[in-house]
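Below is one structure; the comments refer to it alone.
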Amino acid sequence: MSKTQEILQEENQRLAQELKERAFELSVLYDITNCISYSLDYDSFLGILLSSLHKFLDYDICTSLITITQEKKSKMFIQIFNPVNQRLVDEVKTRTLKALNSLRLSPVDEKDIIIEFKGSVIAASDYVPAKFSFDVPLFSRNEAVGILSVVTTRDTPYSDNDVRLFYAIATQASATIERLQGVLAVEKSKMKVMVEGMSEGVVMFDEKGKLVVLNAAAEEALSCYRPGLNKDGLLGFFQELGLADPFEEPAAAQKKTQGLDLYLKEPFLRIIHAQASNIYDEKDKRLGVVVILRDVTKEREIDKMKTDFISLVSHELRTPLTAMKGATDNLLDEIAGQLSGIQKECLSIIKRNIERLVRLISDLLDVSRIEAGKIQLRKETIDIVIIINEVLMLLRQPAKDKDISLKSSIEEGLPKPEADSDKVTQVITNLVGNAIKFTPKGGEIKIAAQAAGDFLQVDVIDNGSGIPHNDLTKIFDKFYQVEGEQQKKGTGLGLPICKGIVEKHGGKIWAESELEKGSKFSFTLPLK
Ligand code: ADP
């Protein structure tokens with residue numbers, strides 16, 4: 001082979017290799033472009049971008065910092081491929097922010113940046129400084145909105161090809177950001193109009209405690225409640241009420257909602273119910289807290305009228321019923337003359353129904369006392385074991401009548417809470433009474449008591465009919481009964497009374513249940 005032929009062959013091989021590399025780069029670029037142009041949120045877009053870059057670029061840390069103009073916050077994704085030292089990560093963070101701010105008129109504040117981190121860092125002594133790096137700005141509508149940067153601690157510099165491809169990807173990323181910002185702006189303005197027009201007040205804080213929504217209704221209600229309250233003081237105001245706390249530990253805040261009534265005196269008397277809820281994204285990450293303010297003046301007025309009415313009627317009914325019961329007892333004792341068998345039977349039916357009415361009226365009076373906040377507790381140190389045994393004695397016969405086994409399982413040496421012994425007996429009697437009522441013949445009921453942190457917990461467990469999932473929270477409402485034959489015998493007031501008594505003690509009551517398998521009713525009493 002001649003020298004010229006040799007040179008030509010070598011050149012051919014080089015060109016073929018270059019073509020192969022170019023084709024690979026193009027396919028990567030195509031994949032990235034495809035993925036990022038269809039992503040609908042920043043998180044998935046940045047995730048795809050950072051992990052794809054590694055397909056053709058060798059780096060230790062890759063950072064993307066994007067400022068989301070509409071939300072006035074910024075997001076920094078740091079992806080570490082080869083373990084690096086924390087000092088290097090901090091240097092990269094600072095440098096990226098500095099690079100972005102040098103291109104912007106309004107600088108991004110470090111405290112407004114939410115940082116997401118992937119990868120691992122190594123011990124401080126292993127610090128290896130960055131050898132090569134480059135940053136590419138991302139633009140949207142001629143404004144620098146982000147920086148994409150790669151850093152390596154190795155000795156090989158980035159080639160011209162790497163830089164060219166990196167720029168091409170950054171151009172695609174800029175286009176995607178522009179599109180996403182457009183979509184966000186439209187969505188945000190739609191939401192703004194909707195929230196602004198709501199009759200309920202809406203206040204929202206993000207996960208850093210920054211006020212992000214305050215509509216006109218909320219501003220009006222809050223300024224009437226606390227004249228002079230300004231936007232900067234809002235978070236402190238809600239924290240002081242114990243309502244919204246975006247900084248609360250996630251475990252404590254676990255999807256809990258809290259509500260309380262605010263009494264407004266000016267310009268006229270109003271009751272505004274403030275309900276706070278934590279908001280989470282689909283990955284259960286807390287995004288912030290929202291407080292809804294709703295005018296409940298009418299509802300509370302009607303509730304009060306209802307409670308007053310029930311209380312009045314019950315009082316009025318109690319006196320004649322006591323007289324009727326006395327007279328029936330006298331007749332049954334044959335004070336007024338001898339009775340035939342059928343007369344006795346009729347009078348017994350009358351007596352049983354009078355007793356039922358007396359029970360109903362006493363329940364109604366209990367409920368109205370609880371609702372009016374008039375329930376009084378006579379607290380003393382109580383022994384839950386004694387109370388449980390008393391209830392077991394009392395209900396042994398009704399349980400025996402249905403061939404139901406009634407057992408208790410009580411932890412040794414239980415602490416003794418300060419509570420109203422009669423009221424606690426009423427709660428346990430009610431729960432066990434219900435368990436007997438809703439458990440078929442031959443069933444089992446267990447009462448358990450144990451210490452649970454700062455509380456004493458009592459469980460009443462049965463293997464009866466169970467309660468449908470949708471009814472579980474409603475059974476503690478007044479007059480609520482799950483549909484079915486058995487339920488008609490009760491009043492639907494037992495559980496709301498239990499709830500009132502337990503909450504007055506500072507405890508909680510709840511139910512767990514599975515249909516056809518049984519129910520577990522639990523309540524707690526504070527030990528401190
Ligand atoms: P009542 O028992 O008088 O109807 P409650 O307020 O005590 O009223 O209970 C409300 C409803 O909750 C009952 O009607 C019943 O549907 C349901 N319930 C309560 N306890 C149980 C239980 N242990 N098993 C199944 N359902 C129950």
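Since we're looking at a predicted model, the values are computed, not measured.
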Is it true that a side-chain atom of N230 and a backbone atom of G233 form a donor plus acceptor pair closer than 3.5 Å?
yes

Nearest-0.5 Å distance that lies between atom CD in E411 and atom CG in L456
9.0 Å

Under a 4.0 Å threshold between the charged nitrogen and the carboxylate oxygen, would R294 count as salt-bridged to E299?
yes

Evaluate L493 against L364 for side-chain contact (heavy atoms from CB on, under 4.5 Å), listing each step before the verdict.
CA-CA 7 Å; L493 291 173; L364 282 170; 3.7 Å; yes

Within a strict 4.5 Å, meaning less than it, do heavy atoms of the V460 and F523 side chains meet?
no

State the NZ-CG distance between K416 and L525, to the nearest 0.5 angstrom.
14.5 Å

Check the pair K98 / S102 against side-chain contact (heavy atoms from CB on, under 4.5 Å), numbers first and verdict last.
CA-CA 6 Å; K98 228 168 136 187; S102 67; over 6 Å; no

Taking the side chain as everything from C-beta on, heavy atoms only, tell me whether I147 gets closer than 4.5 Å to L97.
no

With the threshold set at 4.0 Å, does a side-chain nitrogen-carboxylate oxygen contact exist between D90 and K93?
yes

Considering non-hydrogen atoms only, spot the tightest contact between M204 and I279 and give its length.
CE-CD1, 3.3 Å

Between the side chains of E143 and R104, is the shortest nitrogen-to-carboxylate-oxygen separation below 4.0 Å, so that they form an ion pair?
yes

Can you measure from CG (N430) to NZ (K437) and round to the nearest 0.5 angstrom?
8.0 Å

Regarding E219 and N215, is there a side-chain donor-to-acceptor distance under 3.5 Å anywhere?
no

Among side-chain atoms of Q275 and H273, is any donor-acceptor pair under 3.5 angstrom?
yes

Determine whether more than 12 heavy atoms belonging to other residues, nucleotides or ligands lie under 6.0 Å from atom CZ of F309.
no

So, E187 and K190, do they make that salt bridge, N to O below 4.0 Å?
yes

Basic-acidic side-chain contact under 4.0 Å: R359, D363:
no

What do the steps show when you test F521 against I467 for side-chain contact (heavy atoms from CB on, under 4.5 Å), and what is the final call?
CA-CA 11 Å; F521 281 79; I467 301 162; 3.7 Å; yes

Main-chain N/O of T439 paired to D462 side chain as donor or acceptor, under 3.5 Å:
no

Does atom NZ (K75) have a neighbourhood of more than 12 heavy atoms from anything else shown, all under 6.0 Å?
yes

Rounded to the nearest 0.5 Å, the OG1 atom of T67 sits from the CG atom of L138 at a distance of 11.5 Å

Look only at the side chain of S140 and the backbone of V145, and say whether a donor-acceptor pair between them is shorter than 3.5 Å.
no

How far does CG of L321 sit from CD of E355, to the nearest 0.5 angstrom?
11.0 Å

Give a yes or no on whether E380 atom CD has more than 12 heavy-atom contacts from other residues, nucleotides or ligands under 6.0 Å away.
yes

Strictly by modelled atom types, are D459 and S522 linked by a side-chain donor-acceptor pair under 3.5 Å?
yes

So do the side chains of M76 and I114 get within less than 4.5 Å of each other, counting heavy atoms only?
no

Ignoring hydrogens, what is the shortest heavy-atom contact between F455 and G506? Give both atom names and the distance.
CE2-O, 3.7 Å

Between E240 and R226, does any side-chain N to carboxylate O distance fall below 4.0 Å?
yes

Side chain D420, main chain R378, donor-acceptor under 3.5 Å:
yes

Check whether any side-chain heavy atom of I271 sits under 4.5 Å from a side-chain heavy atom of L262, and report yes or no.
no

A side-chain contact here means heavy atoms from C-beta on lying under 4.5 Å apart; do S409 and I447 qualify?
no

Is there a donor-acceptor contact under 3.5 Å from the side chain of N463 to the main chain of E444?
yes

Between E371 and K306, does any side-chain N to carboxylate O distance fall below 4.0 Å?
no

Strictly distance-based, threshold 3.5 Å: is any side-chain N or O of D206 a donor or acceptor partner for the main-chain N or O of G209?
yes

Checking T381 against E418: is there a side-chain donor and acceptor pair closer than 3.5 Å?
yes

Taking everything shown except M198 itself, do over 12 heavy atoms lie less than 6.0 Å from its CE?
yes

Could you walk me through whether I78 and V92 pass the side-chain contact (heavy atoms from CB on, under 4.5 Å) check?
CA-CA 9 Å; I78 303 175; V92 171; over 6 Å; no

Keeping the roles fixed (side chain from E196, backbone from A216), state whether a donor-acceptor pair exists under 3.5 Å.
yes

Backbone N or O of R270 within a donor-acceptor pair of the T297 side chain at under 3.5 Å?
no

